[in-house]
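In what follows, a single structure is set out as structure tokens and then discussed.
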Number of protein chains: 2
Amino acid sequence: MTEASTAFPSSDHDHGSCVAHAVAKAEELCRSRGLRLTEIRRRVLELVWERHGPVGAYALLDTLRSEGMAAAPPTVYRALDFLQEQGLVHRIERLNAFVGCGQPDAPHSGQFLICSECGLAAEIDDPAIDRALTQAAVALGFELRGKTVELEGLCPDCRRSGNGR
Amino acid sequence: MTEASTAFPSSDHDHGSCVAHAVAKAEELCRSRGLRLTEIRRRVLELVWERHGPVGAYALLDTLRSEGMAAAPPTVYRALDFLQEQGLVHRIERLNAFVGCGQPDAPHSGQFLICSECGLAAEIDDPAIDRALTQAAVALGFELRGKTVELEGLCPDCRRSGNGR
DNA sequence: GGAGGATATGTTATAATGTTGCAATGAGAC
DNA sequence: GTCTCATTGCAACATTATAACATATCCTCC
């Protein structure tokens, strides 16, 4: 997950299977925690994974509606809240958008590389970054509860293809 | 700036002089860059510093209006855009809010400690964090353009006074 | 298997944040 | 002085998020 080849999803990977995998993982996780992965929650999770990049809440909402579901903003936000609490999706502050998390079981903070060109977001989990953050907080007597790390720039692919200048 | 005593503004420091100082610095900076620190821009900068903590765009707007200025959302957002471009204020993504920057001349990315209890935000500039971020990006072949680092938790004061549990 | 409580969803309205487009103004260059 | 360009005024609108309250569904316990 800290390797260039895996940080950004390759354009030809098998979406279907990775969505299925994520949902299966979520089901297991909910079972083990005694929580309900309801129809809506599951569908939102699937949609987030299908897109395989940051998705806005209202994009999800539109999709749900187009599928005939009765859905209003709270429907989506509540599902997203639940998924976030369980670590199944992360919110990307810079984009007001959400992405699926590949490691919902391992607690971690979510560090992202966001490509300004293609819009993809790669999650990394770099211990050195985490260590530096923790140390800074300790040094200042700050009790750390949440970390947001979002790096914006050009992903390897877009760099190669000369996009973004 | 990486010291506990200075990271968070102490409750009894001299607001007036630090606002004045920030504005003086901004004026000099604009002069040297051949830019115009107009009435609106200056006032917005002052307001951001007066609050000495994250302020929302609409809070600024309300204040401007209460002072009799003809102001609409674009008025404020344009001023904030300008100030951000010049490094005079930073945006805090987690809060959709803005804070004054004490080091507008030294280019830096803006790393924040945000207290969930008192709402203050302390800017730090920790080289170790920056190094870790840069190295992660390099390792992944990612061309870094912007960094967001926002740590949320309890500031030393609120910790001591037992707020936030 | 039915009552009751907790969890989840439906629904409507509204709040909060941010942007677009175009006209009018004003400051500095020549 | 006039030209040009940056800045501001203004109106409308777009996007993101939440509040409040009613209804439905699930689960447990008897």
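Everything quoted here is computed from the prediction, not taken from an experiment. Hydrogens, waters and symmetry mates are skipped; everything else that's a heavy atom, side chains included, is used. In what follows, chains are A, B, ... by sequence order, proteins preceding strands, each numbered from 1.
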May I ask you to say what B:R36 touches in the nucleic acid, namely base, sugar-phosphate or nothing, with a heavy-atom cut-off under 4.0 Å? sugar-phosphate
Within the structure provided, determine whether B:L120 and B:C155 are in side-chain contact (heavy-atom separation under 4.5 Å). no
With a 3.5 Å cut-off and heavy atoms only, can you find an N or O donor on one side and an acceptor on the other between the side chain of B:R78 and the base of C:dG18? no
In whole Å, what is the span from the CG atom of A:L95 to the C1' atom of D:dA17? 16 Å
Counting any heavy atom closer than 4.0 Å, what does A:A70 reach on the DNA or RNA strands: base, sugar-phosphate only, or nothing? sugar-phosphate
Which of C:dT9, C:dA27, D:dT16 is nearest the side chain of A:T38? It is C:dT9
Can you establish whether the number of heavy atoms outside B:H13 located under 6.0 Å from its atom NE2 is more than 12? yes
Just checking A:E28: does its CD atom have more than 12 heavy atoms from other residues, nucleotides or ligands closer to it than 6.0 angstrom? no
Do the side-chain N or O atoms of A:R41 get closer than 4.0 angstrom to the phosphate oxygens (OP1, OP2) of C:dA8? yes
Atom OH of B:Y77 to atom P of C:dT19: distance rounded to whole Å? 7 Å
Whichever of A:A97 and B:P73 has the more 5' nearest nucleotide on DNA chain D, that residue is B:P73
Using whole Å, what does the distance between atom P of nucleotide C:dT19 and atom OH of B:Y58 come to? 10 Å
A:L61 CG to D:dA17 C1', straight-line distance once rounded to whole Å: 12 Å
Return each pair, listed once, that meets side chain to side chain donor-acceptor pair (under 3.5 Å) where at least one residue sits in residues 57-85 of chain A; pairs must be two or more places apart or across chains. A:R43-A:E67
Rounded to whole angstroms, how far apart are CZ on A:F82 and C1' on C:dA6? 15 Å
Nearest of D:dA11, D:dA17, D:dG9 to any side-chain atom of B:P74? D:dA11
Can you tell me which nucleotide in D:dA17, C:dG18, D:dC10 comes closest to the side chain of B:A72? D:dC10
Figure out the CG/C1' separation between B:L80 and C:dG18, and round it to whole Å. 11 Å
Begin from the C-alpha positions of A:L47 and A:L64 and carry the test side-chain contact (heavy atoms from CB on, under 4.5 Å) through to its verdict. CA-CA 9 Å; A:L47 290 175; A:L64 290 180; 3.8 Å; yes
Whole-Å gap separating P (C:dT17) and CD1 (B:I92): 14 Å
Between C1' on C:dG10 and CD1 on A:I40, what's the gap in Å once rounded to a whole number? 9 Å
Nearest-nucleotide pick for B:A57, side chain only, options being C:dG18, D:dC10, C:dT7: C:dG18
According to a strict under-4.0 Å criterion, is A:N96 in side-chain N/O contact with OP1 or OP2 of D:dT15? no
